[in-house]
Amino acid sequence: MIDIKFADGSVKKFERGISAEAVAAAISPSLKKRCVAAKVNGVLVDLVRPIESDADLELILDDRPEALEILRHSSAHLMAQAVKSLYPEAHFGVGPAIEEGYYYDIDFGDKVLTDSDLPEIEKAMAKLASGNQSVSRREVSKAEALKVFADDPYKTELINDLPEGEIITLYSQGDFTDLCRGPHLPSTKWIKHFKLTSLAGAYWRGDSKNKQLTRIYGTSFFSAEELQSYLKLVEERKKRDHRKLGKELDLFMLSEYGPGFPFWLPKGMILRRELEAFWYKVHLKEGYQLIQTPIMLNKELWVISGHWMNYRENMYTSVIDDQEFAIKPMNCPGGMLVYKRDIHSYKDFPLKVGELGLVHRHEASGALNGLFRVRNFTQDDAHIFMTEDMIVHEIAELVRLYDYMYSVFGLSYHIELSTRPLEKFIGEIATWDRAEKALADALKSMGKEYKVNPGDGAFYGPKLDFKLRDSMNRIWQCGTIQLDMNLPERFDLTYVDANGEKKRPVMLHRALFGSIERFIGILIEHYAGAFPTWLAPVQIKLIAVNPDLHKAYADRVMKTLLDRELRVETDYREEKLGYKIREAQTQKIPYQIILGDREAQEEMVTFRRYGKEESFTVSLNDFVEMIQKEIANK
RNA sequence: GCCGAAAUAGCUCAGCUGGUAGAGCAACUGACUUGUAAUCAGUAGGUCGCGGGUUCAAGUCCUGCUUUCGGCACCA
């Protein structure tokens with residue numbers, strides 16, 4: 001007999017070699033029904049794995065995130081089984097569970113799979129799943145595994161890469177066997193609510209030098225309701241797509257004459273200018289100085305900065321008077337020149353210099369995506385020069401600033417600290433260690449949680465990245481704070497210390513929105529195009545009930561609102577009220593004001609908020625006061 | 001850049017196996033004179049992304065290019 005200790009601390013005796021499934025069944029049949037897998041001594045295993053000695057046992061029920069991952073992983077296997085039955089020539093790569101589902105990379109040989117082939121695969125999956133095949137696990141030697149997958153070049157490659165002596169496991173269901181670490185569901189009967197979602201090319205082992213396989217994406221849930229609500233979320237994201245809303249709300253456009261170079265339309269321009277005005281205002285208050293450096297600078301500058309060496313393929317260049325020039329992909333080299341114009345004293349520090357700088361980067365054509373990935377964009381950049389002992393305090397100041405700015409938009413975030421790369425890095429390891437510690441200390445001093453990404457820093461220094469979560473539960477990397485141990489050296493930046501000696505300053509690059517263009521794209525989707533009043537391109541729509549009778553009063557109201565710097569549009573068309581309301585609503589204008597006899601007689605306005613049914617009648621002055629207060633509070 | 005798909009009126013889309021284009025919305029004109037999410041009627045609007053080819057005939061088939069979309073790779 002062995003002792004099984006449960007998560008609640010209780011201990012029970014069972015026969016040696018009992019499975020978690022049998023343990024669950026012994027407790028209650030209903031528990032067994034909901035069991036997907038088990039954690040034995042903290043290790044996730046199949047439900048049917050025999051437990052050979054005393055162990056801590058945790059049953060993984062179907063409401064656990066781990067359970068969903070197992071379901072999806074098993075769904076990927078089921079899909080592979082279905083594909084194999086339909087396309088016997090197919091060779092399989094890898095098929096993991098991912099954030100919102102699973103995929104499998106498959107080599108179909110000469111056969112080109114299209115979306116229209118997916119339903120057939122789905123059908124085959126459903127048929128196989130309903131067969132209630134049991135899933136079995138088998139441990140084999142490397143030689144044996146190679147024999148099983150002798151005809152499968154990708155699996156063979158994977159097996160060959162496994163360390164000698166490692167226990168290799170195979171999972172089988174019906175006539176299908178896959179190389180897999182597991183764990184898996186005990187039976188395919190669990191897989192009921194799934195869908196194949198899309199098809200794409202994907203490089204074998206994620207390397208663009210390798211052959212491209214066909215990747216089939218799918219998702220899977222334990223209940224029909226969860227699948228439905230996921231599909232609804234996908235629909236909602238599509239509705240909020242900034243490319244679609246940008247077109248519908250006349251914010252920006254793209255032209256095939258300039259792929260990746262967005263055009264800002266009048267309404268988008270207002271949004272953009274409001275955002276920038278806010279940024280300028282806050283940064284001036286924070287003690288930043290503002291500069292603007294040229295778009296295009298001589299190649300020699302980029303040689304000094306190191307960009308010419310490392311990133312030349314992504315830079316646009318041009319020859320002017322026999323001299324090679326490059327359009328800036330980053331603002332820092334220009335900023336360095338500004339710093340060097342003057343002699344600096346330690347008394348000037350921290351010196352905070354901001355720039356909304358338009359940069360150009362030649363992104364791969366396939367990477368372009370609306371405002372999210374463009375070839376020219378405006379970085380809300382700043383460079384902070386200081387002494388090393390100021391780092392902790394300045395980082396803390398920045399985190400406080402970011403915290404405030406993101407909160408204005410209702411965006412939550414988490415921070416990731418990326419540390420020194422293992423190979424490609426410059427400078428002394430001791431300096432890196434100090435810099436990394438300074439970043440971490442700043443966060444700790446503020447009680448901020450953070451995740452460490454070891455080795456993920458830039459070659460010139462460690463960094464903090466701010467990952468925002470939007471209203472659709474997606475993560476966007478926007479803010480960044482990077483310590484740069486490279487440029488001050490390359491540009492020979494100096495300051496004069498208290499002893500009158502020249503010293504090397506420490507420099508920080510930082511961006512808060514990252515790219516103004518991209519951030520606006522995020523805001524469009526985050527707000528679903530219904531911007532808060534301070535950002536809305538049109539804040540108020542004035543609708544005259546009967547243009548003939550009420551236009552004069554409406555014009556007076558408009559003048560008052562314009563005088564108060566509110567953004568107003570009028571609708572004097574000879575249409576039914578409902579028609580005009582509807583249009584204002586679809587344009588997501590925050591306030592609609594209805595003006596008719598009742599309002600004209602007493603200098604009143606009747607307003608209705610976007611998305612709300614009720615309307616309120618107040619004096620024009622009260623309305624102005626209310627909306628101005630709202631705008632001021634953001 | 002790579003794999004796959006797509007491009008038709010300002011927008012959203014239809015156009016089957018080839019027979020020189022169609023709807024709804026928007027625009028314009030007129031009627032209606034409107035009180036909270038689409039009043040009615042009419043008019044106009046297109047080198048079917050661009051080039052080449054097959055054919056008596058191409059939006060439709062083939063081909064090159066451009067752009068877009070879904071991914072992959074990339075993202076200092």
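To find a chain, count down the sequence lines: A is the first, B the second, and so on, and within it residues start at 1. Bear in mind that the values here come from a model prediction, so they are computed numbers and not experimental data.
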K.L.:
Enumerate the residue pairs fulfilling side-chain hydrogen bond (donor to acceptor under 3.5 Å, both in side chains) with a member in residues 246-264 of chain A, sequence neighbours excluded, ordered by first and then second residue.
P.N.:
K244(A)-E248(A)
K.L.:
Remember a base hit wins even if backbone is also touched, and classify D115(A) as base, sugar-phosphate or nothing at under 4.0 Å, heavy atoms.
P.N.:
nothing
K.L.:
Mind jotting down which residue pairs meet the salt bridge (charged side-chain N to carboxylate O under 4.0 Å, His left out) criterion with at least one end in residues 508-529 of chain A? Sequence neighbours excluded, please.
P.N.:
R272(A)-E517(A), R474(A)-E525(A)
K.L.:
Give R243(A) one of three labels, base, sugar-phosphate or nothing, depending on what nucleic acid heavy atoms sit under 4.0 Å from its own.
P.N.:
sugar-phosphate
K.L.:
Can you check the distance between rG59(B) and rU8(B), where both ends of the measurement are the P atom (answer in whole Å)?
P.N.:
15 Å
K.L.:
According to salt bridge (Lys or Arg N to Asp or Glu O under 4.0 Å), who are the partners of D548(A), at least two apart in sequence or on a separate chain?
P.N.:
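Result, salt bridge (Lys or Arg N to Asp or Glu O under 4.0 Å) vs D548(A): none returned.
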K.L.:
Can you tell me, in whole Å, how much space there is between the C1' of rU43(B) and that of rU47(B)?
P.N.:
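Going atom to atom, C1' in each nucleotide, I get 23 Å.
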K.L.:
Using the P atom on both, measure rA23(B) against rG52(B) and round to a whole Å.
P.N.:
31 Å
K.L.:
Looking across every strand, which nucleic acid part, if any, lies under 4.0 Å from T214(A) by heavy atom: base, sugar-phosphate, or nothing?
P.N.:
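Nothing: the residue T214(A), judged by heavy atoms under 4.0 Å, touches no strand.
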K.L.:
Extract all donor-acceptor atom pairs below 3.5 Å that involve side chains of residues 593-601 of chain A and protein atoms in other chains or at least two apart in sequence.
P.N.:
residue, atom, partner, partner atom, Å
D597(A), OD1, H550(A), NE2, 2.8
E599(A), OE1, G596(A), N, 2.8
E599(A), OE2, T606(A), OG1, 2.3

K.L.:
What residue pairs, at least two apart or across chains, pass salt bridge (charged side-chain N to carboxylate O under 4.0 Å, His left out) with a residue in residues 577-593 of chain A?
P.N.:
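Counting only pairs at least two positions apart or across chains, the salt bridge (charged side-chain N to carboxylate O under 4.0 Å, His left out) contacts touching residues 577-593 of chain A are R573(A)-E583(A).
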K.L.:
Shoot me the first and last contacting nucleotide of RNA chain B against chain A, ordered 5' to 3', at under 4.0 angstrom to non-hydrogen atoms.
P.N.:
rG1(B) to rA76(B)
K.L.:
With a non-hydrogen cut-off below 4.0 angstrom, is K247(A) in contact with a base, only sugar-phosphate, or nothing?
P.N.:
sugar-phosphate
K.L.:
Could you check whether N546(A) gets within reach of a base, just the sugar-phosphate, or nothing at all, counting any heavy atom under 4.0 Å?
P.N.:
base
K.L.:
Quantified in whole Å, what is the C1' atom distance between nucleotide rG46(B) and nucleotide rG10(B)?
P.N.:
12 Å
K.L.:
Contact class for E575(A) (heavy atom, under 4.0 Å): base, sugar-phosphate, or nothing?
P.N.:
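Counting heavy atoms under 4.0 Å across all strands, the contact made by E575(A) includes a base.
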K.L.:
By nearest heavy atom, map L199(A) and H360(A) onto RNA chain B; which one lands nearer the 5' end?
P.N.:
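Between the two, 5'-proximity favours L199(A).
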K.L.:
In dot-bracket notation, what is the pairing pattern of RNA chain B, taking Watson-Crick (N1-N3 plus N6-O4 or O6-N4) and G-U wobble (N1-O2 and O6-N3) contacts under 3.5 Å, with [ ] crossing and | for other strands?
P.N.:
(((((((..((((.....[..)))).(((((.......))))).....(((((..]....))))))))))))....
K.L.:
With a 4.0 Å cut-off on heavy atoms, is R215(A) in touch with a base, just the backbone sugar-phosphate, or nothing at all?
P.N.:
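Sugar-phosphate contact only - R215(A) comes under 4.0 Å of backbone atoms but never of a base.
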K.L.:
Measuring from F194(A):CZ to E122(A):CD, what's the distance to the nearest 0.5 Å?
P.N.:
6.0 Å
K.L.:
Go nucleotide by nucleotide along RNA chain B from the 5' end; which of Y217(A) and R582(A) gets its closest nucleotide reached first?
P.N.:
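Taking each residue's closest nucleotide, the earlier one in sequence belongs to R582(A).
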K.L.:
Which salt bridge (charged side-chain N to carboxylate O under 4.0 Å, His left out) pairs, counting each pair once, include a residue from residues 367-383 of chain A, with sequence neighbours left out?
P.N.:
E363(A)-R373(A)
K.L.:
By side-chain contact (heavy atoms from CB on, under 4.5 Å), which residues pair with Y203(A), not counting sequence neighbours?
P.N.:
S208(A), Q212(A)
K.L.:
In whole Å, measure the gap between the P atoms of rC50(B) and rC40(B) for me.
P.N.:
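Nearest-Å result for rC50(B) against rC40(B) at atom P: 36 Å.
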K.L.:
With a 4.5 Å heavy-atom cut-off, do L464(A) and Y450(A) have their side chains touching?
P.N.:
no
K.L.:
If I pick the P atom on rA7(B) and the same atom on rC11(B), what distance separates them, to the nearest angstrom?
P.N.:
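Those two atoms are separated by 15 Å.
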K.L.:
When we call it a touch if two heavy atoms are under 4.0 Å apart, what does R573(A) touch: a base, just sugar-phosphate, or nothing?
P.N.:
sugar-phosphate
K.L.:
Have a look at E599(A) and say if it touches a base, only the backbone sugar-phosphate, or nothing, with a 4.0 Å heavy-atom cut-off.
P.N.:
base
K.L.:
Within residues 477-491 of chain A, find the residues that approach RNA chain B with a heavy atom at under 4.0 Å, and present them sorted by residue number.
P.N.:
none
K.L.:
Keeping to residues at least two apart or across chains, list the salt bridge (charged side-chain N to carboxylate O under 4.0 Å, His left out) pairs with something in residues 326-340 of chain A.
P.N.:
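For residues 326-340 of chain A: K328(A)-E355(A).
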K.L.:
As an exercise, state the distance from NE2 of H509(A) to CG of N331(A), rounded to the nearest 0.5 Å.
P.N.:
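Taking NE2 in H509(A) and CG in N331(A), the distance rounds to 10.5 Å.
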K.L.:
Can you list the residues that meet the side chain to side chain donor-acceptor pair (under 3.5 Å) rule with D492(A), with sequence neighbours excluded?
P.N.:
R504(A)
K.L.:
Check every strand shown and say whether G206(A) touches a base, only sugar-phosphate, or nothing at a heavy-atom separation below 4.0 Å.
P.N.:
sugar-phosphate
K.L.:
Taking atom P in both rG64(B) and rA5(B), compute the distance separating them and give it to the nearest angstrom.
P.N.:
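It comes out at 13 Å once rounded to the nearest Å.
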K.L.:
Just checking A200(A): base, sugar-phosphate only, or nothing, at a heavy-atom cut-off of under 4.0 Å?
P.N.:
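Contact class for A200(A): base.
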K.L.:
Taking atom P in both rG24(B) and rA58(B), compute the distance separating them and give it to the nearest angstrom.
P.N.:
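Roughly 29 Å separates the two P atoms.
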K.L.:
Should the ring pair Y230(A) and F221(A) be called parallel, tilted or perpendicular, given that the plane angle runs from 0 to 90° and is split at 30 and 60?
P.N.:
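Aromatic pair Y230(A)/F221(A) classed tilted.
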K.L.:
So Y579(A), base contact, sugar-phosphate only, or nothing? Heavy-atom distance under 4.0 Å.
P.N.:
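Sugar-phosphate contact only - Y579(A) comes under 4.0 Å of backbone atoms but never of a base.
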